[in-house]
Amino acid sequence: MTPFDRLQAAVVRLINRASYLDKRIDMKTSINIELGLSNDDAEYFMGFKIGTPNTQSMLGIIDTGSGLTWVNRVGCKCFKKKTTTLFNPNASLSYKKLSYLSDECKSFSLGHCNFNRLCQYRAAYGDGSNIDGILSLETFNFNSIGTNQNIIIPNIVFGCNFRSLNTQIDDPGSFIGLGPRSPSLIQQLAPKYLSKYFSYCLDMLHSGANSRLFLGRGKQTITGKTTVTPLLTQDGFYAVQLRTISIPGVFNILLTRSKLAAGNIIFDSGTVMTFLDTQVLNQLVRKLTDYVSLPIVKTGDYKLCFNVSSTEQEEELPRVLFSFDGTLGNFKVSPYNLFRWYSADVKCMVILGTTGMQIIGNTMQEDLLIGHDLDNMELTIIEKKCTELYNP
């Protein structure tokens, strides 16, 4: 063997040993991972690395509405690539394609057998995009910025795309699935490596510089006004029961209709806008039109916009109470989360109507610590600006 051959063999042994040690980890062992996020066009990206021995840097959208983590591979047929970062599986000794007979493929609803007897999948998204790839295993590398630790976890199940088409927006290049179904990243990491809990704080105002994703219970000491409501899962989504939308003493809108069997509205980090049933939204628009004395501005995009030409007028925009199930289920949505600038002197309510699934999007979740407790099945909202999480 040449020196290079011996080096390659040593790397393979190292990978095998890492896998062996991985299986010996005590199930009670728990780590916490704090990851920085960046913002681009109201989408939040997480950096990570994959591969061995030389890691490859990737950037993926965090999506609580998806169960599959995927990357685009070198040579893929991709549409409008937003990033030039593509994964090269041939450069990694730890990369492995999964057979259609593997347990991972059998438990993956989208997996099927291709002509090479591998686990192939096709996934479609609500915006019209779709991907094709091979379900695979790879070593993932996370840099936890809270402790400056480099955390290496082998044998993560992910999708390696050979085709990725998106008809609406640029292809992000990678997705981080955090949904309640396997093989989402949180389901793979918990409870083996960390507790079944994750939270995030999204900050669009500072280009996402203060945004964080916490895997595990690393931010349990944060204090602030807290909303707690039962967390339900439905069709791969995190759902809750929204009972009423109100301004106490002024109006109270009851929510009854739902496209979901469990809960009636989902929290989704991958959707920008909030969507309410069209009938509910129309009621809310009428009530706020009567309540707010600011001049109405008509736009083609939003249901309700006000002329706001001074700080005093901006202060007239109300907080609206969203009452979820549970004794601690009341959440006052701030004017910042409810209204955004449409133009220099116009602010619009960032809620759209739908006849389908109701969604609380990431705009309404900004500058809040949103926690998903998968042990106790609770969703928590802590009113804390993202900057205050790191500079208390």
Side-chain angles (χ1 to χ4, degrees), residues 34-48 59-66 82-83 126-127 145 168-176 178 198-215 219 222 224-225 227 238 265-276 299 301-306 308 311 314-315 317-320 322 331-352 359-372 379-392:
E34 179 180 341
L35 299 165
L37 304 177
S38 58
N39 174 273
D40 186 10
D41 293 333
E43 293 172 328
Y44 290 88
F45 290 81
M46 180 192 95
F48 63 103
L59 201 62
I61 293 176
I62 62 166
D63 188 4
T64 57
S66 296
K82 176 174 285 189
T83 173
D127 61 3
I145 59 178
Q168 302 294 321
I169 59 172
D170 290 343
D171 189 333
S174 178
F175 253 59
I176 304 297
L178 291 170
F198 72 95
S199 59
Y200 52 77
C201 194
L202 308 178
D203 173 27
M204 183 187 292
L205 188 61
H206 302 92
S207 300
N210 299 303
S211 300
R212 294 289 188 274
L213 170 66
F214 303 99
L215 300 174
K219 281 290 175 184
I222 296 299
K225 175 66 173 65
T227 300
Y238 295 109
I265 193 166
I266 70 169
F267 272 71
D268 186 17
S269 67
T271 298
V272 178
M273 303 296 288
T274 290
F275 291 85
L276 290 177
T299 71
D301 302 304
Y302 298 100
K303 283 274 191 175
L304 181 62
C305 298
F306 295 107
V308 181
T311 302
E314 190 174 6
E315 290 175 352
L317 296 174
R319 292 171 67 95
V320 176
F322 277 52
F331 169 53
K332 281 191 175 180
V333 181
S334 72
Y336 169 77
N337 289 77
L338 198 57
F339 298 92
R340 292 298 171 90
W341 291 109
Y342 179 82
S343 62
D345 56 358
V346 175
K347 271 200 163 184
C348 295
M349 186 170 66
V350 287
I351 301 179
L352 302 180
I359 303 170
I360 293 181
N362 63 35
T363 302
M364 193 173 284
Q365 298 179 54
E366 283 176 16
D367 254 342
L368 301 163
L369 186 63
I370 309 292
H372 297 68
L379 184 133
T380 60
I381 305 170
I382 299 178
E383 297 182 21
K384 200 80 169 180
K385 290 186 179 297
C386 297
T387 53
E388 295 173 348
L389 293 177
Y390 328 111
N391 301 291

Can you name the residues that form a side-chain contact (heavy atoms from CB on, under 4.5 Å) with L213, not counting sequence neighbours?
L35, L37, M46, I62, L178, F198, Y200, L215
Return the SG to CG distance between C348 and L304, rounded to the nearest 0.5 Å.
8.0 Å
Applying side-chain contact (heavy atoms from CB on, under 4.5 Å) to D63 and not counting sequence neighbours gives S66, F175, D268
If we check side-chain contact (heavy atoms from CB on, under 4.5 Å) with C201, which of these qualifies: L369, L368, N210?
L369
With a 4.5 Å limit on heavy-atom distance, are the side chains of I351 and M273 in contact?
no
Which residues share a side chain to side chain donor-acceptor pair (under 3.5 Å) with K303, sequence neighbours left out
N282
When Y44 is tested against each of S269, S211, S38 for side-chain contact (heavy atoms from CB on, under 4.5 Å), which residue passes?
S211
Non-hydrogen atoms of Y342 and T299 that approach each other most closely:
CE2-CG2, 3.7 Å
For the pair N39 (side chain) and D203 (backbone), establish whether a donor and an acceptor sit closer than 3.5 Å, ignoring hydrogens and angles.
no
Is there side-chain contact between F214 and E34, with heavy atoms separated by less than 4.5 Å?
yes
Decide side-chain contact (heavy atoms from CB on, under 4.5 Å) for H372 and L379; before the verdict, give the C-alpha distance in whole Å, the side-chain angles of both, and the deciding distance to 0.1 Å.
CA-CA 5 Å; H372 297 68; L379 184 133; 4.0 Å; yes
Take M364 and V350 through the side-chain contact (heavy atoms from CB on, under 4.5 Å) test and state the conclusion after the steps.
CA-CA 8 Å; M364 193 173 284; V350 287; 5.6 Å; no
Tell me every residue that passes side chain to side chain donor-acceptor pair (under 3.5 Å) with E383, counting only those two or more places apart in sequence or in another chain.
none
Sub-4.5 Å side-chain heavy-atom contact between F267 and T64
no
Output, in order, the C-alpha distance, side-chain angles, deciding distance and verdict of side-chain contact (heavy atoms from CB on, under 4.5 Å) for Y336 and L317.
CA-CA 9 Å; Y336 169 77; L317 296 174; over 6 Å; no
Donor-acceptor pair, Q365 side chain versus I360 backbone, under 3.5 Å?
yes
Interatomic distance, C305 atom SG to W341 atom CH2 [nearest 0.5 angstrom]
11.5 Å
Heavy-atom side-chain proximity of L202 to M204 below 4.5 angstrom:
no
Evaluation steps, side-chain contact (heavy atoms from CB on, under 4.5 Å), between R340 and Y302
CA-CA 11 Å; R340 292 298 171 90; Y302 298 100; over 6 Å; no
Which heavy atom in P335 sits nearest to a heavy atom in P318, and how many Å separate them?
CG-O, 3.6 Å
Exercise: identify the closest heavy-atom pair between S199 and G371:
CB-CA, 3.7 Å
Excluding sequence neighbours, so at least two apart, what forms side chain to side chain donor-acceptor pair (under 3.5 Å) with T274?
none
Suppose we screen for side chain to side chain donor-acceptor pair (under 3.5 Å). Which residues come up paired with T227, at least two apart in sequence or across chains?
none
Smallest heavy-atom separation, I265 atom then F275 atom, equals CD1-O, 4.4 Å
By side-chain contact (heavy atoms from CB on, under 4.5 Å) - contacts of V272 (at least two apart):
A42, N362, T363
I'd like to know if the side chain of D367 and the backbone of K385 have a donor-acceptor N/O pair within less than 3.5 Å.
no
By ring pair (Phe, Tyr, Trp, His ring centres under 6.0 Å) - contacts of F48 (at least two apart):
F140
